[in-house]
There are 2 protein chains.
Amino acid sequence: MRAAIDLFAEQGYDATTVNEIAERAGGLTKTTFFRHFSDKREVLYAGQELHGRIVSDAIGGAPDSATPLQMVASAVDELAAVFTEDRREMAGKLRKVIAESAELQERAAFKRAALVGAMTAALRERRVPELVAELAAELGTRAFYGAFGRWAVAEDPRTLVEHARQAFGELRAAMSELE
Amino acid sequence: MRAAIDLFAEQGYDATTVNEIAERAGGLTKTTFFRHFSDKREVLYAGQELHGRIVSDAIGGAPDSATPLQMVASAVDELAAVFTEDRREMAGKLRKVIAESAELQERAAFKRAALVGAMTAALRERRVPELVAELAAELGTRAFYGAFGRWAVAEDPRTLVEHARQAFGELRAAMSELE
DNA sequence: TAGCGTGATGTTACCAAGTCACATCACCAC
DNA sequence: GTGGTGATGTGACTTGGTAACATCACGCTA
């Protein structure tokens, strides 16, 4: 993964071949690469099933007294907590690489949708009505991604959790302005 | 496009080759296919730039007195109006094909995000604050896609516009339940 | 210590997506 | 009929992705 990110950052995603990535990652070959990642894009997104589990667990473990938005807030909190400061630099590189490739943005959109889906399903499990669940999940995901983007550029010393809480609050406020 | 949808429906997306599509579409070849569509997936989504323009124009043309949600409602209305009854059958086939291919769902997620982006930009243009614009655009897009899915299965005689209006209203109600 | 299974890797060959340079052909205008 | 233009075909190429088979290192056990 490190080899891939570095090569993508140096030469661009399209100009980098899977063989090059494998080669840099310790003289390996294409075949080995595809044994670890289902395709070339996935090398940048591997491990995100974990994110789905994290938000599901957070929502599943929220107290019965919690409102849907409180459940989502705790999910966003737990997810944001995964990204400790030492991952910030890599996140910044990643963001830049993705911003330059339509193919990678497509995968990103898919992963984002999967996160919304995971939150929605977990909320439904908690007997939140479908549409309310969808909107709450969307709001949480939007807060997380917005916060992630600002955190990754690193011009602000606050942690991702702090960024996420602020983003969540702002989105909530914006929602109440929507009549 | 018709050749592609039919072949995908018959054999599945993965099992269909671009050469086959071109061949069925009047004895053409791969090269010609790629002159019309940037890649294999795009054959199912071509023409969606138009959707972006439609929602932008609707929002841009809304009266100054309109609220953000009213602007979005008119955008959804105009977009839904594009899908006349004669397109319903094709839409149903399309839905099924997409549901069976991860690759196509990825492209769909991307196009959906583009639609949200187009609405957001148009709302910003109308001086709607960023976060309010994002949420309104998301709500409108969600209403449209939900309605589209129900319209395409064809078990309900109502037009897409009617479906969309109902979906929009329901989402609005769900939003106000979100504290 | 010999041998055996297992997991990670390499090799080779293959298919299909996507690109490119160059050729062809039909059609329209002058 | 001459020339330009747009759509198409051809052939060669790169690369992502798959599959079958071989290799090698390691640890376990007889």
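Values reported hereafter were calculated over all heavy atoms of this structure, with side chains retained and with hydrogens, waters and symmetry mates removed. Below, chain A is the first sequence line, B the second, and so on; all start at residue 1.
- A close approach under 4.0 Å does not occur between any side-chain nitrogen or oxygen of B:His36 and OP1 or OP2 of D:dA7.
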Where protein sits on nucleotides 15-22 of chain D, one letter per nucleotide: B base, S sugar-phosphate only, - none, heavy atoms under 4.0 Å: -BBBB---
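- Of the possible donor and acceptor atoms, one in the side chain of B:Arg88 sits under 3.5 Å from a partner among the backbone N and O of B:Trp151.
- Distances shorter than 4.0 Å separate some side-chain N or O of B:Thr32 from OP1 or OP2 on D:dG9.
- Remark: the B:Asp86 side chain and the B:Thr84 side chain contain an N/O donor-acceptor pair separated by less than 3.5 Å.
- Taking the ring axis of A:Phe8 as reference, the NZ or CZ atom of A:Lys96 does not stay both within 45° of it and closer than 6.0 Å to the ring centre.
- The two residues B:Val72 and B:Ala136 make their nearest non-hydrogen contact at CG1-O, 3.6 Å.
- Straight-line distance from the CD1 atom of B:Ile21 to the P atom of C:dG18: 10 Å, rounded to whole Å.
- Between B:His163 and B:Phe83, a ring centre-to-centre spacing not shorter than 6.0 Å is recorded.
- When all heavy atoms of B:Val97 and B:Ile5 are compared, the closest pair comes out as CG2-O, 4.4 Å.
- Within 4.0 Å (heavy atoms only), A:Gly26 reaches no atom of the nucleic acid at all.
- Rounded to an integer number of Å, the gap from B:Glu23 CD to D:dT10 P is 11 Å.
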